[in-house]
Amino acid sequence: MKKNLPAIFFSLAIIISAYILGNSFMNRNKVDGSISVTGLGNEDFTSDLIVWGGSYQQENFDLTEAYKALENDKTAITKYLKLKGISENELVFNAVNSSKNQRAKYSSDGKYIGEEFLGYRLTQSLKIESNDVEKVEKISREITELLNKGIQFYSETPRYYYTKLADLKIEMISRATSDAKQRAEMIATNSGGRLGNLISAKMGIFQITGQNSNEDYSWGGTYNTSSKKKTASITMKLTYEAN
């Protein structure tokens with residue numbers, strides 16, 4: 001009997017090893033531990049608020065005359081914009097900025113000898129906020145008509161916003177969460193396991209980019225204001241128990 005013990009132990013070792021290997025093969029696709037997935041939610045939308053503005057200026061050696069000329073420009077600009085359909089509550093004029101226009105003076109041998117006073121420079125800017133995006137867009141393109149009135153108006157690039165952004169963000173989070181859960185369920189099913197309870201949920205950065213643009217996403221979030229048509233997106237990272 002003692003002589004047969006090594007053979008018996010050897011046979012048992014083979015049987016146990018075969019069982020372990022076979023069980024590992026049968027359960028090779030089963031998930032154990034947790035599943036982490038990232039879902040995406042996005043939506044195309046059109047801005048419903050436009051912010052546009054510009055500035056104009058006057059220069060004169062006499063400060064009083066400079067103010068009078070600037071006030072005349074303001075009156076003409078206001079009249080022009082009202083004729084274009086801009087209301088009082090959409091138009092905001094900022095405070096007048098005044099400065100001395102000076103130029104450095106040099107002697108014939110190139111030495112600095114002081115400043116030459118060229119007059120007072122007065123600048124005023126205005127801003128228009130409106131939900132009538134198309135109307136203000138049109139005005140921003142036609143504002144050069146003021147040149148015919150002798151007004152040097154410096155137009156800014158329109159900025160576009162969306163007033164229902166909070167509601168849109170909630171919808172994006174819902175879509176991203178649903179997308180992540182579907183991915184997790186697919187992984188669990190294909191791995192021969194079962195999706196368990198949600199362990200954690202982490203929201204990514206809310207991004208707004210111009211439609212059909214090559215804008216890069218930013219770790220701090222991108223907020224495009226130059227495009228009227230935009231795309232909002234957000235990610236959700238979910239971690240589930242896996243059985």
Side-chain angles (χ1 to χ4, degrees), residues 1-51 131 133 157-243:
M1 183 67 179
K2 289 183 179 180
K3 293 181 179 180
N4 294 326
L5 283 177
I8 294 173
F9 287 139
F10 182 71
S11 299
L12 286 173
I14 292 175
I15 294 172
I16 293 172
S17 298
Y19 173 79
I20 293 173
L21 289 172
N23 187 63
S24 298
F25 178 80
M26 293 295 294
N27 293 281
R28 68 190 186 281
N29 291 324
K30 289 188 178 180
V31 179
D32 185 26
S34 64
I35 296 176
S36 293
V37 289
T38 299
L40 173 66
N42 54 27
E43 175 75 13
D44 292 336
F45 65 95
T46 301
S47 304
D48 61 359
L49 176 68
I50 185 171
V51 178
N131 296 114
V133 178
T157 302
R159 303 189 305 276
Y160 300 91
Y161 300 92
Y162 189 58
T163 59
K164 302 182 182 70
L165 206 56
D167 295 335
L168 181 63
K169 189 174 183 179
I170 292 174
E171 176 64 23
M172 294 301 95
I173 292 173
S174 175
R175 293 186 186 184
T177 302
S178 177
D179 181 54
K181 185 176 181 181
Q182 289 179 11
R183 293 171 186 267
E185 289 174 340
M186 185 178 297
I187 292 173
T189 299
N190 292 339
S191 301
R194 181 174 59 83
L195 198 65
N197 296 324
L198 178 66
I199 299 174
S200 66
K202 185 177 181 181
M203 184 174 67
I205 300 299
F206 192 49
Q207 308 274 0
I208 296 179
T209 58
Q211 286 184 26
N212 304 315
S213 70
N214 295 320
E215 290 179 75
D216 292 328
Y217 287 93
S218 168
W219 67 269
T222 299
Y223 194 135
N224 176 289
T225 60
S226 60
S227 302
K228 181 168 64 174
K229 293 185 176 183
K230 310 176 193 292
T231 298
S233 61
I234 197 169
T235 57
M236 286 293 297
K237 183 178 181 180
L238 306 183
T239 301
Y240 287 92
E241 293 177 344
N243 303 318

*Are Ile205 and Gln207 close enough, and set up right, to give a side-chain contact (heavy atoms from CB on, under 4.5 Å), and what steps lead you there?*
CA-CA 6 Å; Ile205 300 299; Gln207 308 274 0; 3.7 Å; yes

_Phe206 and Leu165: CA distance, side-chain angles, deciding distance, side-chain contact (heavy atoms from CB on, under 4.5 Å) verdict_ = CA-CA 11 Å; Phe206 192 49; Leu165 206 56; 4.1 Å; yes

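Between Ala176 and Gly41 the shortest heavy-atom distance is CB-N, 3.5 Å. Among all heavy-atom pairs drawn from Leu195 and Glu185, the shortest one is CD2-CG, 3.5 Å. Of all heavy-atom pairs spanning Gly196 and Tyr240, the tightest one is O-CD2, 3.6 Å. Between Ala180 and Gly39 the shortest heavy-atom distance is CB-N, 3.5 Å.
Listed for the Ser178 side chain is no donor-acceptor partner under 3.5 Å among the backbone atoms of Ser174. At least one donor-acceptor pair under 3.5 Å links the side chain of Asn131 to the backbone N or O of Asp48. Looking only at distances, no side-chain donor or acceptor of Lys230 sits under 3.5 Å from a matching main-chain atom of Gln211. In terms of modelled atom types and a separation under 3.5 Å, the side chain of Asp179 and the main chain of Leu40 share a donor-acceptor contact.
The CG atom of Leu168 sits 11.0 Å away from atom OG1 of Thr163, with the distance rounded to the nearest 0.5 Å. Here the OH atom belonging to Tyr160 is positioned 11.0 Å from the CG atom belonging to Leu49, to the nearest 0.5 angstrom. Within the model, atoms OG of Ser34 and CG of Leu198 stand 11.5 Å from one another, a figure rounded to the nearest 0.5 Å. Note that CD1 of Ile50 and NZ of Lys228 are 8.0 Å apart. Values are rounded to the nearest 0.5 Å.
Using a 4.5 Å heavy-atom cutoff, the side chains of Val37 and Ile187 are in contact.
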Can you list, pair by pair, the side-chain donor-acceptor contacts under 3.5 Å of residues 231-238, counting residues two or more places apart and other chains?
| unit_1 | atom_1 | unit_2 | atom_2 | d |
| --- | --- | --- | --- | --- |
| Thr231 | OG1 | Asp44 | OD1 | 2.6 |

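Applying the ring-ring contact (aromatic ring centres under 6.0 Å, His included) test to every pair with at least one member in residues 162-204, sequence neighbours left out, gives these pairs: Phe45-Tyr162.
The salt bridge (Lys or Arg N to Asp or Glu O under 4.0 Å) test applied to Lys229 returns no partner, not counting sequence neighbours. With sequence neighbours left out, Tyr223 forms a ring pair (Phe, Tyr, Trp, His ring centres under 6.0 Å) with no residue at all. Tyr161 meets the ring pair (Phe, Tyr, Trp, His ring centres under 6.0 Å) test with no other residue; sequence neighbours excluded. Applying the salt bridge (Lys or Arg N to Asp or Glu O under 4.0 Å) rule to Glu43 yields the partners Arg175; only residues at least two apart in sequence or on another chain are considered.
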